[in-house]
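Because the structure is predicted, anything quoted here is derived from the model rather than measured. FYI, the numbering just counts along the sequence from 1.
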Amino acid sequence: MTDTVIRALDESDAHLFDAHPDPLNARAAHQRTTHRPHWKRVALRDGAVVARGAWWGGPDDEEPVNLNWFDVAEGEIGAGAELLRSAPWQVELEINLPGDWREHPALAAAAETRFAAARAADYELLVERFLYRWTPERGLPERPGRLVFGPEPDDAVFFDAVRRIHAATLDAHALKAIEEGGLDQAAREELEFFHWCPSPREWWQLARTPEGELAGIHIPAHNPSGPTIGFIGVLPEHRGHGYAYDLLAECTHFLVEQGAEAVTGATDRGNFPMAAHFTKVGFPVVRERINFHPVVRTVSNTR
């Protein structure tokens, strides 16, 4: 077998990225995504593309924030791993898959090849997530009217709320941030992301009971790909009443009132309560996403 050649692309040879089969229909997942040519890399063997990756970031980002398109040909796990290891950006890897990929052996095999390449490059599984998309034919969900919603200009109020919500969270990204730097880091990363989004800060809303107690928050957002359910959170002391449904319904209405013709959302597969609320509100699963993160291996010096 000849050696693998890893190449970064630019405008002149960006077509090489498209010279690879797309069995998982990743292109459909990226119809609204803009990938910069010079953030694309391919692995070549005898001139043929055997692995490819497209790193992504927002329009103002100087470095990619994740790798959200990664393909590896059958039998080329080593090439895929080398593509990841040799990249100048060690960021989270998102593998986007059809919603029914587990039910089809060919799709499952293609997915497993990508997972194996990621593991060989010292990436570890972080979480499996459901991706949702609401469209008008689903109908707008009923607003229960149990909570009072309104804006709040003080970030400190949201910071405190997110911190309290994450004190009892099922979200894998939040749990990772808590492990790395505590609840403050988890809350800070959450709010930094929504400040990064192009949607107005004024969209963020608190949800209070009729008695005025803070019950939760919802953040309607507009990421670079379109309107999305940014954050739904119920304070621990108010859980058990199904308020996440109220928040999700309100967030959907809010985005539609701002002109959204479709709304996306996501939750971890293991977050069964939130997944049930998405289904109840009328958000079908359209794809799944498997998130891996690069692991820094420490080398012990022993004599």
Side-chain angles (χ1 to χ4, degrees), residues 6 24 26 29-30 33 35-36 39-41 43 51-58 61-72 77-97 101-102 108 110-131 162 165-166 169-197 223-225 228 230-231 264-271 274-275 287-300:
I6 308 294
L24 297 173
H30 294 299
T33 308
H35 289 106
R36 306 182 198 184
W39 285 357
K40 293 180 177 180
R41 292 164 60 83
R52 63 180 176 181
W55 283 255
W56 177 86
D61 290 325
E62 296 182 0
E63 297 287 335
V65 298
N66 62 33
L67 165 57
N68 63 15
W69 191 336
F70 178 57
D71 283 321
V72 184
I77 290 171
E82 182 60 25
L83 181 70
L84 295 177
R85 279 194 298 264
S86 64
W89 318 288
Q90 296 301 303
V91 291
E92 188 166 303
L93 165 62
E94 298 179 351
I95 300 178
N96 292 287
L97 302 167
W101 68 275
R102 291 178 174 82
E112 290 296 339
T113 296
R114 288 148 181 77
F115 302 161
R119 289 191 293 267
D122 284 338
Y123 280 66
E124 287 186 352
L125 175 66
L126 176 62
V127 67
E128 300 177 7
R129 289 171 63 78
F130 289 126
L131 305 184
V162 173
I165 290 164
H166 281 340
T169 184
L170 296 174
D171 184 85
H173 284 90
L175 290 171
K176 178 175 180 286
I178 292 167
E179 182 180 354
E180 293 172 348
L183 287 169
D184 283 359
Q185 177 172 320
R188 183 171 58 253
E189 287 182 2
E190 204 78 63
L191 297 187
E192 285 175 352
F193 171 76
F194 293 112
H195 277 298
W196 172 87
C197 288
N223 63 29
S225 297
T228 191
F231 186 88
T264 63
T267 197
D268 294 1
R269 280 180 60 90
N271 191 341
M274 197 65 224
R287 295 186 73 82
E288 291 192 24
R289 174 176 293 157
I290 314 297
N291 293 72
F292 287 82
H293 64 105
V295 178
V296 178
R297 303 295 184 187
T298 57
V299 178
S300 60

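- Looking at heavy atoms from C-beta onward, Gln185 lies in side-chain contact with Glu180 at the 4.5 angstrom threshold.
- The shortest distance between side-chain heavy atoms of Arg52 and Phe70 does not fall below 4.5 Å.
- Remark: side-chain polar atoms of Asn291 are not paired, donor with acceptor, to backbone N or O of Glu128 under 3.5 angstrom.
- Of the possible donor and acceptor atoms, none in the side chain of Ser225 sits under 3.5 Å from a partner among the backbone N and O of Thr33.
- Atom CZ of Phe292 and atom CG of Leu84 lie 10.0 Å apart (nearest 0.5 Å).
- Taking CD from Glu288 and CD1 from Ile290, the interatomic distance works out to 6.0 Å, rounded to the nearest 0.5 Å.
- Without hydrogens or angle criteria, Asp268 side chain to Ala172 main chain gives a donor-acceptor distance under 3.5 Å.
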Practice item. Tell me, with the steps shown, if Lys40 and Trp55 meet side chain to side chain contact (heavy atoms under 4.5 Å, CB included). Key: CA-CA 6 Å; Lys40 293 180 177 180; Trp55 283 255; over 6 Å; no
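- Across all their heavy atoms, Leu67 and Ala54 have their closest contact at CD1-O, 3.2 Å.
- Judged as a salt bridge (charged side-chain N to carboxylate O under 4.0 Å, His left out), the pairs with a partner in residues 78-97 (not counting sequence neighbours) are, in order, Glu82-Arg85, Glu94-Arg289.
- A 4.5 Å side-chain heavy-atom check between His30 and Asn68 finds at least one atom pair inside the cut-off.
- The 12-atom threshold is not exceeded at CD of Glu179, counting heavy atoms of other residues, nucleotides or ligands nearer than 6.0 Å.
- Taking each heavy atom of Pro88 and Arg41 in turn, the nearest pair found is CD-NH1, 4.0 Å.
- To the nearest 0.5 Å, the span separating CZ on Arg119 from CD on Glu112 amounts to 6.0 Å.
- The side-chain heavy atoms of Trp196 and Pro224, taken from C-beta on, include a pair separated by under 4.5 Å.
- Between atom CG of residue Leu183 and atom CD1 of residue Ile178 there is a gap of 5.0 Å, rounded to the nearest 0.5 Å.
- When all heavy atoms are compared, the tightest approach of Gly58 to Asp61 is N-OD2, 2.6 Å.
- A donor-acceptor pair is defined here as one N or O able to donate and one able to accept, closer than 3.5 Å; such a pair exists between the side chain of Asp171 and the backbone of Ala174.
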Check your understanding: Can you check side chain to side chain contact (heavy atoms under 4.5 Å, CB included) on Leu126 and Lys176, steps first, answer last?
Key -> CA-CA 9 Å; Leu126 176 62; Lys176 178 175 180 286; 3.8 Å; yes
Review point. Should Leu175 and Thr169 be marked as a side chain to side chain contact (heavy atoms under 4.5 Å, CB included) after you check the CA-CA gap, both sets of side-chain angles, and the distance that decides it?
Key: CA-CA 7 Å; Leu175 290 171; Thr169 184; 3.7 Å; yes
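- For the pair Val162 and Leu191, the minimum side-chain heavy-atom distance is below 4.5 Å.
- When all heavy atoms are compared, the tightest approach of Ile77 to Ala120 is CG2-CB, 4.4 Å.
- Taking every heavy atom of both residues into account, Val91 and Tyr123 meet most closely at O-CE2, 3.5 Å.
- A ring-centre distance under 6.0 Å is not found for Phe193 and Phe231.
- Between Trp69 atom CH2 and Leu24 atom CG the span is 11.0 Å, to the nearest 0.5 Å.
- Summarising the geometry of Trp39 relative to Gly57, their closest heavy-atom pair is CZ3-N, 3.4 Å, with the distance given to 0.1 Å.
- In terms of modelled atom types and a separation under 3.5 Å, the side chain of His166 and the main chain of Glu190 share no donor-acceptor contact.
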